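So that the names make sense, note that chain A is the first sequence line, chain B the second, and so on, each numbered from 1. Here the structure is a predicted model, which is why all the values come from computation and not from measurement.
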Number of protein chains: 2
Amino acid sequence: MLDNTDKQLLELIQKDCRLTNAQLAAELNISASSCWRRIKSLEDIGLITGYHASIDRNIAGFAFSAIVHVSLSRQKADTVSTFVNAIRNRPEIMDCYATTGDADYHLRVVVEDINAFNKFLDEFLFPLPGIAHVKSNIVLKDVKQGGHLPFKIVGR
Amino acid sequence: MLDNTDKQLLELIQKDCRLTNAQLAAELNISASSCWRRIKSLEDIGLITGYHASIDRNIAGFAFSAIVHVSLSRQKADTVSTFVNAIRNRPEIMDCYATTGDADYHLRVVVEDINAFNKFLDEFLFPLPGIAHVKSNIVLKDVKQGGHLPFKIVGR
DNA sequence: ACTGAAAGTCGTTGCAT
DNA sequence: ATGCAACGACTTTCAGT
C-alpha cells in the first residue's frame, strides 16, 4: 500500500509541509509530477488530513494549559454524543482522547490564564449533561509536541 | 503586539497553511507583499514554529495509541534531563507534557499494535533511569485533534 | 508602515513511455 | 505508475509613496 518513497515523502512533509514539490522530488529522486501525483493520491485516500501552521502558545499569549480528565455517567444513551459534539465545538480544547482507565476522556485545554480556565470549567465543562467526575492537571511545561509518525523504511 | 489582521492570519494558516499568500491577502484585504511580510515577521519572532502535514494514524497503519502517565523519583539532579532527552528522541512519542497531579508527565504514544507498545515499554520506558511509576491508558478513540488557538478578534 | 509591478520559481496539466 | 514539457499562477524582491 505505501512504498518506501511514500513513507519518506510523509516523513518529510510531516516535518515541513512547505518544502516545495520540486524540493521533495529532488530529495526522493523522482520527477516533480510523479511526486505531485503521490501527494494528491495520499490526500485522496484520506491519509493526509490537512496542513497546519504550528504556533508557540506562550508567545501568542496562551500561557495556561491543563490536561483535564473527565468521566461521564453513562445512564443516557446520547450523553456521549452531546459531550463529544460540545468538545469538538469548543475552541480552547486542543485535543481529546477517549481512553481506558480511571477517566473516560483526556482533554488538553489551552487558554490565556487561570481565570480563563476557571471560566472554561464553570461555564462550559461543569454544566455539560452527564459529567460525573473532573480532574485537572496543570501543564507545567510542553516537553514535546507534534512528534511525527515513525514510518519504517524497509530494506535498504 | 498582534493586531487583528495578524490574528486572522494566524487563524487561517492554523487551519490550512497551504492557502496561498495571494488567497490570504485577498481574505484579509491587504496586498500580497504586505501579507507576505507579516508572515515572515511572525516566523522571525518565533510565533509560527513550523508547518506540518497531518496524517490519519489509522489509515497509516498506526492502530494503537496510549496515554502514559509517568512519575520520576527525583533523587538525582539530572534524572529529569536524561528523561526529557530520551522522550524527545523517541519517535513513537507524539507529545509529552509535564504536569501537576499524580503523574509528573503525560505522554501520548502511537505505534502499530499492542506488541509494538509492549516493546516500547519493556525496551525503552521501563529501563530509563529514575522511573518511579508508569500507568498506561489505552486510547479508544481520537475524539479531537489539532484544535487551533482561539485568537480573539477585538472590536468589529 | 504600505502598495504595485517585475522577475523568477513553482504547481499543475496533458501527452508519451 | 513514471518522466518531460509547457502554461498559468504563484512567491519574492525592489523601488516608489
>> From CZ of B:R18 over to P of D:dT11, roughly how many Å is that when rounded to an integer?
In response: 12 Å
> How long is the line joining CG of A:N21 and P of D:dG3, in whole Å?
Replying inline: 12 Å
>> Does anything in residues 24-47 of chain A come within less than 4.0 Å of DNA chain C? Heavy atoms only, and list the residues if so.
In response: A:S33, A:W36, A:R37
>> Angle between ring planes, B:F117 versus B:F64, binned at 30° and 60°: parallel, tilted or perpendicular?
In response: tilted
> Does the side chain of A:Y51 pick up a donor-acceptor pair with the side chain of A:R18 at under 3.5 Å?
Replying inline: no
>> For A:F83 and A:Y105, take the angle between the two ring planes, folded into 0 to 90°, and tell me which bin it lands in: parallel under 30, tilted 30 to 60, perpendicular over 60.
In response: tilted
>> My understanding is that only residues two or more places apart in sequence, or in another chain, count here; which of them pass side-chain contact (heavy atoms from CB on, under 4.5 Å) with A:A22?
In response: A:T20
> What's the shortest heavy-atom distance between A:V109 and A:V68, and which atoms?
Replying inline: CG2-CG2, 4.0 Å
